[in-house]
Amino acid sequence: MESALINWLRQRVPTNSQLVLGIGDDAAILQLTDGGDCVVTSDTLTDTVDFELCQCDPRRVGRKSLAVNLSDLAAMAARPIAATVALVVPRTSSADLVRDLYEGMFPLAEQFQIAIAGGDTNSWDGPLVLSITALGEVTEHGIWKRSGAQPGDAILVTGCFGGSLLGRHFDFQPRVGEALQLNAGYSVHAAIDVSDGLSLDLARLCEASQCGSLLELDCVPISPDAHRLAERRGDKSALEHALSDGEDFELILAVPLDDARRLLREQPLDVPLTRIGQFIEQPGLWHAAGGGRRERLEPSGYQHRLDT
Ligand SMILES: [Mg+2]
């Protein structure tokens, strides 16, 4: 959603004493009566916007719709517990479509030991729409928010970026285990998952943390797919794809320097961790242009557009 609309909604929703963290992060936190906290997130995928049903296996669509929610829980370092699934299928489709969508979700549900706790299926004359709500719990190590980055923190990222359109946007691994592992052993001040583009989601984290970022563009891990796409299309460099493509579903982390050094040395995850710059006081995105100069970098990525 556009940031102006998010800001309107954030101010307009009724206040609620059990809502610890509301609209504007990767997930919300609700305080339950017994004192525990529940993390809630919701994501909607629509045929022809987020995938082309006529060109792909519906099981991959089902998997993706659950995986994007798990990625938001990972961005909070929450442990996934359950999900509910709302489907609106085209009236002309068969029950096999619904079965296949669910079959795509089940292996992921088993992998992360989450319950598919319920949902609803409707039909209509429009395209397939899947909306999943995922629930997680806060571990003893607490939660990550977007708002905790501090000037001087290193910007670390998991994995590599760009070109997910070539297939990775379906088959990515939500970084749930990685987030829990990092949260248990290291200090992380803030995090976000990259759904809409590395530079755009980094800008969102900076805005929430009221700071800026100084990127070292040479250090951005570029996926082989980004190189392939750049070669095939010729309109953007591989680096530009890495900065703006979206749907990488990797994590951006704000990590204090000592822990960042330790993490980079130990590389404790199955996926590589890379330092791509540092958070700075000056708002906005910047990159080191040599000779100590900073050049502004415009965040770019995918945004759903609405008439205002
Ligand atoms: Mg997110």
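First listed ligand is number 1; within each ligand, the first listed atom is number 1. The first residue in the sequence is number 1, and the count goes up from there.
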Sort by chain and number the protein N/O/S atoms that are closer than 2.8 Å to the Mg ion (ligand 1), and list them. Asp26 OD1, Asp72 OD1, Asp193 OD1
In Arg59, Arg60, Arg63, the residue satisfying salt bridge (charged side-chain N to carboxylate O under 4.0 Å, His left out) with Asp171 is Arg60
Looking at residues at least two apart in the chain, or sitting in another chain, which of them share a side-chain hydrogen bond (donor to acceptor under 3.5 Å, both in side chains) with [X]?
X	result
Asn69	none
Lys64	His169, Glu247
Gln111	Gln173

Could you tell me which non-hydrogen atom of Leu285 sits nearest to which non-hydrogen atom of Cys206, and how far apart they are? CD2-SG, 4.2 Å
Spatial distance of atom OG (Ser195) from atom CG (Asp26) [nearest 0.5 Å]: 7.0 Å
